Protein chains: 2
Amino acid sequence: MARTQGSHSDITGPRVREAALALFAQHGFAAVSMRQIARAVGVQAGALYNYTPDKQTLLYELMRAHMEDLLAAWDRAAPAGAALERLEAFTRFHIRFNTSRADAVFVSYMELRNLAPENFKAIERLRREYETRLESILRAGADAGSFAIAEPRIASMALIAMLTGVNTWFRADGRLDLASVEAIYWDMVRKSVAV
Amino acid sequence: MARTQGSHSDITGPRVREAALALFAQHGFAAVSMRQIARAVGVQAGALYNYTPDKQTLLYELMRAHMEDLLAAWDRAAPAGAALERLEAFTRFHIRFNTSRADAVFVSYMELRNLAPENFKAIERLRREYETRLESILRAGADAGSFAIAEPRIASMALIAMLTGVNTWFRADGRLDLASVEAIYWDMVRKSVAV
DNA sequence: GATTTAACTGAACATTCGTTCAGATCAAAG
DNA sequence: CTTTGATCTGAACGAATGTTCAGTTAAATC
């Protein structure tokens with residue numbers, strides 16, 4: 001038995017996913033060919049099929065991995081305590097996590113319509129789970145009387161849309177650093193749910 | 001000279017654009033073929049080239065028309081007066097206009113990366129113009145002391161992202177009607193910029 | 001140094017793509 | 001009724017698509 005571990009596949013596999021993610025983000029899933037991905041990795045197109053059964057599954061696995069990373073990272077970072085502190089933590093976490101993985105965020109939102117139905121359902125469930133994390137915070141704050149929110153579910157969608165929007169304009173080498181961006185958005189979030 | 005006006009082209013032309021818009025919104029520009037569009041219209045693929053020089057221009061013209069409609073509609077609807085009233089008008093207008101043209105909004109955001117560079121620049125200019133309309137309102141309110149906004153440009157991006165997010169969940173036959181949605185969002189917008 | 005086999009190549013498969021164009025169609029103008 | 005030309009068909013073009021697979025390569029094991 002030869003080349004059981006630590007072989008090329010440990011290197012090529014991640015590189016396939018990295019290249020696919022970058023290309024999907026730049027040109028879109030449908031506009032990127034398996035040959036383009038292979039060229040970026042430095043192999044022939046056929047070699048990609050050692051790492052994914054097909055193009056569709058490659059997309060799905062990228063999105064699933066991203067959504068599960070997102071949930072796991074938040075569950076690790078989420079503090080206990082008052083709703084206001086939890087909301088601030090969520091706001092800053094969302095901005096930091098999403099700006100640090102712009103390609104994955106972009107693909108996970110833009111390519112939903114290119115998922116096969118069963119894959120779409122799985123990703124939507126994960127997305128919904130994340131939204132519910134914020135919704136719970138808003139409900140807790142509303143129940144405690146520290147937030148004024150008529151519709152917690154809709155407010156959570158509104159806030160997530162606002163926060164994710166940072167990705168459309170933020171550049172790491174721009175005028176504002178992440179700390180300033182966090183402060184600006186937290187100020188708006190805090191006030192928007194204030195009593 | 002025969003069939004100079006009021007002929008098939010007055011009917012087929014709009015139908016081509018309608019079919020293309022709906023298909024682009026559903027499957028994405030790159031995933032939709034000229035033959036699919038032709039089938040939806042009820043003609044052969046070759047006939048489409050009486051109405052667009054190529055697929056790229058078809059996409060560009062759809063996006064350009066949408067952005068110019070948006071700007072013209074706002075400029076007609078925009079009231080004079082205090083910043084707070086102008087901001088409320090903008091909030092309600094944005095929600096109403098965007099939910100009434102979900103396909104065009106979706107395509108105009110999602111397919112930016114499929115535009116040829118010069119077309120991209122033209123659409124980006126129009127988008128920037130619209131963002132500046134809101135930014136001006138925020139600056140006026142900040143100068144007058146009625147808003148507390150450190151970064152008007154960024155606040156305008158944040159608010160537009162939040163408002164456009166309505167399209168991801170709003171359904172005309174859902175639990176909430178548009179008036180309720182407008183009220184919920186206006187409440188959040190108003191508070192987020194409050195002193 | 002011989003053997004094993006994971007990893008990859010390179011060619012091939014049937015489809016589909018955007019676009020072109022000669023010719024058919026047919027409603028309106030003369 | 002004849003002419004005109006806008007409109008559309010139907011076939012064709014080369015290029016590109018996702019995927020398969022027999023065969024080559026070479027690193028790790030014995």
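Computation of the quantities below employed the complete heavy-atom set of this structure, encompassing side-chain atoms and omitting hydrogens, waters and symmetry-equivalent molecules. Throughout, protein chains are lettered first and strands after them, A, B, ... in sequence-line order, and every chain is numbered starting at 1. Worth saying up front: this structure is predicted, and the values here are computed from it rather than measured.
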Task: Angle by which the axis turns from one end of the helix from C/dG1-D/dC30 to C/dG30-D/dC1 to the other, five pairs per end, to 10 degrees - done: 10°
Please report, rounded to the nearest Å, how far the [atom2] atom of [N] is from the [atom1] atom of [X].
{"X": "A/Asp10", "N": "C/dC8", "atom1": "CG", "atom2": "P", "answer": "11 Å"}
{"X": "A/Lys55", "N": "D/dA16", "atom1": "NZ", "atom2": "P", "answer": "15 Å"}
{"X": "A/Gln36", "N": "D/dG18", "atom1": "CD", "atom2": "C1'", "answer": "13 Å"}
{"X": "B/Asp54", "N": "C/dC21", "atom1": "CG", "atom2": "P", "answer": "14 Å"}
{"X": "B/Met34", "N": "D/dC13", "atom1": "CE", "atom2": "C1'", "answer": "16 Å"}
{"X": "B/Arg15", "N": "D/dC8", "atom1": "CZ", "atom2": "C1'", "answer": "14 Å"}
{"X": "A/Gln44", "N": "D/dT17", "atom1": "CD", "atom2": "P", "answer": "14 Å"}
{"X": "A/Leu48", "N": "C/dA7", "atom1": "CG", "atom2": "P", "answer": "14 Å"}

Open item on the list: Parallel, tilted or perpendicular, judged at 30° and 60°: which one describes the rings of B/Trp74 and B/Phe90?
Closed with: perpendicular
- [ ] Please lay out, stage by stage, how A/Arg113 and B/His27 fare under the test side chain to side chain contact (heavy atoms under 4.5 Å, CB included).
- [x] CA-CA 6 Å; A/Arg113 61 188 168 186; B/His27 306 292; 5.8 Å; no
TODO: Remember a base hit wins even if backbone is also touched, and classify B/Val41 as base, sugar-phosphate or nothing at under 4.0 Å, heavy atoms.
DONE: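 Here B/Val41 touches no strand at all.
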Open item on the list: On DNA chain D, compare the nucleotides closest to A/Ala30 and A/Ala47; which residue's is nearer the 5' end?
Closed with: A/Ala30
Is there a side-chain polar atom (N or O) of [X] under 4.0 Å from OP1 or OP2 of [N]?
{"X": "B/Tyr51", "N": "D/dA6", "result": "no"}
{"X": "B/Ser33", "N": "C/dC17", "result": "yes"}
{"X": "B/Thr12", "N": "D/dT7", "result": "no"}

Open item on the list: Please compare A/Gly42 and A/Arg35 by the position of their nearest nucleotide in DNA chain C and report the one closer to 5'.
Closed with: A/Gly42
Open item on the list: Looking only at the side chain of B/Ala45 (C-beta and beyond, no hydrogens), which of the listed nucleotides C/dT19, C/dA7, D/dT9 gets closest?
Closed with: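 My answer, after comparing the listed nucleotides, is C/dT19.
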Task: Nearest-0.5 Å distance that lies between atom OH in A/Tyr60 and atom CD1 in A/Ile123 - done: 5.5 Å
Open item on the list: Give me the atom names and distance for the closest heavy-atom approach of B/Thr52 to B/Met34.
Closed with: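 Looks like CG2-CE, 4.4 Å.
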Task: The single option from A/Ile149, A/Ile137, A/Leu84 passing side-chain contact (heavy atoms from CB on, under 4.5 Å) against A/Val193 - done: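 Single side-chain contact (heavy atoms from CB on, under 4.5 Å) partner of A/Val193 among A/Ile149, A/Ile137, A/Leu84: A/Ile149.
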Open item on the list: Test of understanding: clusters of I, L, V, M, F, W, Y form through side-chain heavy atoms closer than 4.5 Å, transitively. Do B/Leu126 and B/Met63 belong to the same one?
Closed with: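 Linked within one cluster.
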- [ ] Salt-bridge test for A/Arg139 and A/Asp143: reply yes if a basic N is under 4.0 Å from a carboxylate O, no otherwise.
- [x] no
